[in-house]
Amino acid sequence: MKIRRFQLFCGTLLALLVSAPAPRAASLSPLARQPDWNSLRQYAGTITAANFGKLLQQVYVPDGSWKGWVSLSPTQALITPHPGAEPIVLLLAPPGTTPQTPPRFWKERSQRSPLPGKPLAGLRIAIDPGHLGGGYAKMEARWFRIGFSRPVQEGEMTLIVAKLLKERLESMGAEVWLTRTRNGPTTPLRPGNLRKAAVGSLEDEGTAPTAERLQHEAERLFYRVGEIRNRARLVNEKIRPDLVVCLHFNAEEWGNPDRPTLTETNHLHLLLSGAMSGEELRHEDQRFTMLVKLLGGTHAEELGASEAVSRSLAAATGLPPFTYHNSKAIPASSNPYLWIRNLLANRLFECPVVYCEPYVMNSRPVFNRIQMGDYQGRRNVGGTPLPSIYREYADAVAQGLADYYGGAAK
Ligand SMILES: [Zn+2]
């Protein structure tokens with residue numbers, strides 16, 4: 001063992017003397033694949049420098065730190081894969097010309113032709129019911145209960161909405177897939193397989209790995225990172241839809257899940273991909289997936305579809321817009337419901353994403369409606385006849401997509 005260690009030491013010393021290794025930034029995010037940077041060349045001629053720069057600065061990296069990785073001239077972009085590497089040369093559409101359509105599996109709204117009475121005919125939609133639910137709801141901190149009330153479990157609620165939404169979209173002609181059809185994970189990974197990755201992840205953050213932190217991080221890598229990466233693989237490699245609809249319910253801090261705080265606050269917002277920080281951009285996989293989203297031309301479609309769905313959700317729920325008061329998100333447009341934020345769950349899907357965050361689950365009126373469960377028709381809710389919260393949500397999203405893709409859904 002001693003000899004081997006000595007050889008290793010000598011080998012390392014020699015390598016340092018002969019050529020200093022190129023420094024690699026905190027290269028990959030947990031469980032990320034090594035990007036294939038050469039694949040970006042397929043986007044040659046699909047975007048002008050002006051549009052590329054505008055999307056980088058206004059949508060994807062508003063703090064300007066993209067300039068450390070992408071250098072733009074009127075005819076080409078030099079993209080640095082990692083520090084010290086030769087830049088990838090991407091030829092751009094010359095100023096004043098019409099860029100070619102980027103290679104992509106999804107079709108944009110203008111490429112579709114809806115049929116009378118079937119506004120979504122031929123549209124391929126993946127619905128992603130947020131979180132896992134079931135036996136994992138407590139682990140993923142998406143569970144609370146007051147006394148002997150019906151437990152509030154976001155993962156189960158999003159699946160109810162997803163199934164209702166699927167029916168509605170299919171009746172309007174869409175082909176629809178769910179990223180999960182039951183409560184629980186789709187990834188075969190479990191926290192027990194992820195202890196080593198958890199050590200690396202805590203080291204990357206500069207956090208000391210105590211036993212409790214390691215367990216917590218291994219669980220987070222399972223239910224959030226591994227699970228979302230698995231759903232993204234399903235979407236990008238198998239379903240290859242025109243659009244992903246991510247369904248969530250929002251919440252305010254509820255404290256102890258067995259004695260949760262209820263609030264009067266209730267609101268709605270939708271999230272578009274972008275708004276990466278310089279720190280996030282240091283991860284090679286995040287830079288790469290950001291460029292794939294940008295070059296694929298997803299932003300304009302995300303904005304259009306999210307505008308329509310925000311209008312229908314706001315009209316159906318009467319909810320006010322949520323406002324971010326931190327640097328995590330930036331406004332997407334003058335529409336106060338639309339925000340741009342860098343989430344794994346909107347960044348990894350290579351097609352446009354409509355990411356919905358309506359209702360605060362621990363607001364009193366929403367909590368009361370969740371206790372009523374799903375039902376047909378209308379019931380008296382505090383003196384007002386209302387549909388079940390699940391049907392209100394599903395109907396509004398379906399209406400918004402019908403408005404955007406093909407005229408009113410009636
Ligand atoms: Zn959620």
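Just follow the structure's listing: the first ligand is 1, and inside any ligand the first atom is 1.
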* Can you run down the ring pair (Phe, Tyr, Trp, His ring centres under 6.0 Å) pairs that involve residues 197-246, sequence neighbours left out, and say none if there aren't any? =>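 Counting only pairs at least two positions apart or across chains, the ring pair (Phe, Tyr, Trp, His ring centres under 6.0 Å) contacts touching residues 197-246 are Y136-F222.
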
* To do: Using only N, O or S atoms, tell me which atom of H248 is closest to the Zn ion (ligand 1).
  =>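 Result for H248 and the Zn ion (ligand 1): ND1.
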
* Asked: What N/O/S atom of E154 gets nearest to the Zn ion (ligand 1)?
  ->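 Among the N, O or S atoms of E154, the one closest to the Zn ion (ligand 1) is OE2.
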
* To do: Tell me whether E357 has at least one N, O or S atom under 2.8 Å from the Zn ion (ligand 1).
  =>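 Within the cut-off used here (under 2.8 Å), E357 places no N, O or S atom near the Zn ion (ligand 1).
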
Pairs of donor and acceptor atoms involving the side chains of residues 317-324, under 3.5 Å and at least two apart or interchain, shall be tabulated with distances.
| unit_1 | atom_1 | unit_2 | atom_2 | d |
| --- | --- | --- | --- | --- |
| T317 | OG1 | L313 | O | 2.7 |
| T317 | OG1 | L319 | N | 3.2 |
| Y324 | OH | H269 | NE2 | 2.9 |
| Y324 | OH | R341 | NH1 | 3.1 |

* Asked: Taking atom types as modelled and ignoring hydrogens, do the side chains of S277 and D63 form a donor-acceptor contact shorter than 3.5 angstrom?
  ->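 No, no side-chain donor-acceptor contact under 3.5 Å.
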
* F249 vs Y390 aromatic rings, parallel, tilted or perpendicular, using cut-offs 30° and 60°? ->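 Ring orientation of F249 relative to Y390: perpendicular.
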
